[in-house]
Amino acid sequence: MVGARCEGARCEGARCEGARCARATRLRAALLTAVVISIVSGFSRTAFAQAGDLDPRIVKLVASVSEERLGVILKKLESFETRSSLSSTTSTTRGVGAARQWILDEMKSYSPKLQVSFDSYQVPPQGRITRNVELRNVLALLPGRSPRRIYVSGHYDTVARPGGQGASNAGGPPRDPDTPAAAPADPNAPLDNLAPGVNDDGSGTALAIELARIFSQSGIDFEATLVFMCHVGEEQGLIGARLHAQKAVAEKIPIEAVLNNDIVGNDRGGNGIVDGATIRVYSEGPEDSPSRELARFVQRWGARYVPSHKVRPMARPDRFGRGGDHSAYDQLGFTAVGFRESRENFTRQHDVRDTFEGISLPYLAQNARVNAAAAATLALAPPPPSVLSERNQPLITRAPSGYDANLKWNASPGAAAYRIFWREAWGPDWQHELLVGNVTNVVLPNMQVDDYVFGVAAVDAEGHESFVAAYVTPPRANTPIRSAQDHEH
Ligand SMILES: [Zn+2]
């Protein structure tokens with residue numbers, strides 16, 4: 001065994017991703033490949049050397065996001081005046097019925113490769129759903145070679161109420177901030193008040209629609225199936241997303257990752273602070289949950305393909321007291337993150353003032369590029385390897401010396417290599433990485449497993465990388481201890 005630690009001066013205390021460091025890592029990886037257990041032949045190192053870190057097809061895809069197209073979509077969405085899930089469906093120009101039909105037709109026009117459909121549900125009254133209503137998500141599916149699915153999503157429904165989110169934040173009415181101000185006298189009457197929702201969530205909707213266009217017209221043959229999803233019923237309690245996620249569980253639809261975008265088009269805070277250069281990405285914990293690993297992945301690949309835009313992962317499910325559709329997926333066991341603009345203008349949200357004037361198209365386009373880079377990389381990469389045994393235990397031991405880090409994992413279909421990541425067991429970001437060959441076991445001598453978090457990603461022959469699967473000890477069930485006193489009564 002040789003030491004395989006990434007301990008060069010260039011790597012100390014920094015994420016190990018500089019070009020020089022990457023070369024050093026590859027040299028060490030080549031050395032390590034000679035000594036790791038279970039070497040499998042057939043892995044070509046020259047493929048990586050020639051590919052570099054970026055795939056020119058993804059560079060081109062990211063560059064094809066159009067501010068102009070995003071603007072056209074947003075103005076069209078605004079023209080429906082309301083897209084409330086409880087609004088009228090009879091008009092061809094106003095309300096949720098007209099809006100969903102336009103979204104369907106628009107995505108259908110992009111490419112014959114896109115399978116565009118309504119994902120419909122008959123929903124009886126419950127919670128904030130005041131009457132029987134048919135809810136329709138709009139979904140565009142771009143089939144890949146594998147059924148595993150990568151989602152890019154937003155919600156196209158809107159809501160507006162007196163005072164909007166600004167009044168709620170300022171301590172307004174003492175009730176659930178997402179409850180409508182007053183129930184209509186007739187619960188069966190459509191909720192047709194003006195609710196333009198251009199940022200909430202026309203922005204995420206336009207982003208998903210624009211990515212449906214550029215992905216389906218890219219000519220790239222993706223490994224995973226991509227789904228561009230426009231959810232409905234979000235403002236009534238994530239209803240459209242929850243119904244779809246429930247269906248995915250029941251039908252065993254393999255959703256690998258959900259990139260949900262909700263309020264991502266405004267760079268000007270209501271307090272006057274402007275930030276058009278960063279985007280927040282929220283994810284449910286604990287700290288090495290798959291959703292957190294997806295957030296780290298977005299940060300890593302966003303920084304490479306869109307270095308001018310900073311991804312800020314947030315180690316919490318969402319903002320205080322606020323929710324979004326990514327949580328509907330996370331709660332049912334899927335891996336999901338929520339994109340949120342960095343500086344919100346609450347006075348426009350859930351308000352008639354949520355209009356096109358509140359949008360920064362350059363900012364929305366940058367957020368779309370980060371989504372495109374992450375979704376394309378995921379959809380070209382193998383799935384993340386499982387690092388769990390058949391008994392759901394992490395495949396990490398101290399063997400053979402008793403003081404080593406011995407990492408095993410299950411082979412990922414299509415992988416040509418794996419990349420090991422580690423960091424001190426205190427702190428959010430990976431500090432070190434090491435590319436190894438097409439193996440399913442690595443020993444890092446004298447690395448104390450108790451001191452580091454370890455993870456592994458699958459990499460294909462061109463360098464497309466999955467998100468990381470981390471080695472996490474499952475929580476122990478508490479077994480109450482009986483004492484003698486328990487029996488005295
Ligand atoms: Zn929203």
Side-chain angles (χ1 to χ4, degrees), residues 70 73-74 77-78 80 82-87 96 99-100 103 127-129 135 137-138 151-161 163-169 176-180 191 193-209 229-245 258-267 269-270 279-282 314 317-331 336-356 358-359 363-364 367-368 371:
L70 289 165
I73 296 165
L74 286 174
L77 292 173
E78 185 177 34
F80 297 109
T82 175
R83 305 186 304 278
S84 165
S85 301
L86 301 171
S87 61
V96 70
R100 66 196 182 198
I103 294 170
R128 295 174 218 155
I129 302 282
L135 295 182
N137 300 314
V138 193
Y151 280 54
V152 177
S153 61
H155 72 86
Y156 72 90
D157 66 303
T158 62
V159 71
R161 63 177 80 93
Q165 190 63 33
S168 300
N169 280 14
D176 181 339
D178 287 329
T179 304
L191 208 61
N193 62 295
L194 184 65
V198 177
N199 196 26
D200 184 11
D201 182 30
S203 60
T205 302
L207 187 155
I209 294 172
M229 172 65 107
C230 303
H231 294 111
V232 72
E234 195 273 349
E235 303 289 4
Q236 278 70 37
L238 323 180
I239 305 294
R242 289 165 73 180
L243 286 165
H244 184 76
V258 178
L259 307 175
N260 188 61
N261 292 267
D262 193 353
I263 312 184
V264 291
N266 160 64
D267 63 358
I279 178 73
R280 296 177 293 175
V281 177
Y282 286 86
M314 297 285 144
D318 209 331
R319 301 101 85 229
F320 278 101
R322 309 291 302 276
D325 285 332
H326 64 290
S327 298
Y329 290 90
D330 193 283
Q331 282 171 355
V337 296
F339 289 77
R340 304 288 197 174
E341 65 197 22
S342 281
R343 293 287 176 175
E344 296 181 70
N345 184 338
F346 298 115
T347 61
R348 285 182 180 272
Q349 295 174 12
H350 301 169
D351 192 281
V352 294
R353 287 169 287 187
D354 187 359
T355 56
F356 187 77
I359 293 287
Y363 179 63
L364 175 57
N367 295 332
N371 272 263

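Indexing begins at 1, ligand by ligand and atom by atom, following the structure's order.
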In the structure I gave you, are the side-chain heavy atoms of Leu74 and Leu364 within less than 4.5 Å of one another anywhere? yes

To the nearest 10 degrees, calculate the angle at the Zn ion (ligand 1) involving OD1 of Asp200 and NE2 of His155. 90°

Metal proximity, Glu235 vs the Zn ion (ligand 1), N/O/S cut-off 2.8 Å: no

Which heavy atom of Asn266 sits nearest a heavy atom of Glu341, and at what distance? N-OE1, 2.8 Å

So OH of Tyr282 and CZ of Arg322: to nearest 0.5 Å the spacing works out to 10.5 Å

Can you name the N/O/S atom of Asp262 that is nearest the Zn ion (ligand 1)? OD1

Quick check for you: to the nearest 0.5 Å, what is the distance between Phe339 atom CZ and Ser153 atom OG? 9.5 Å

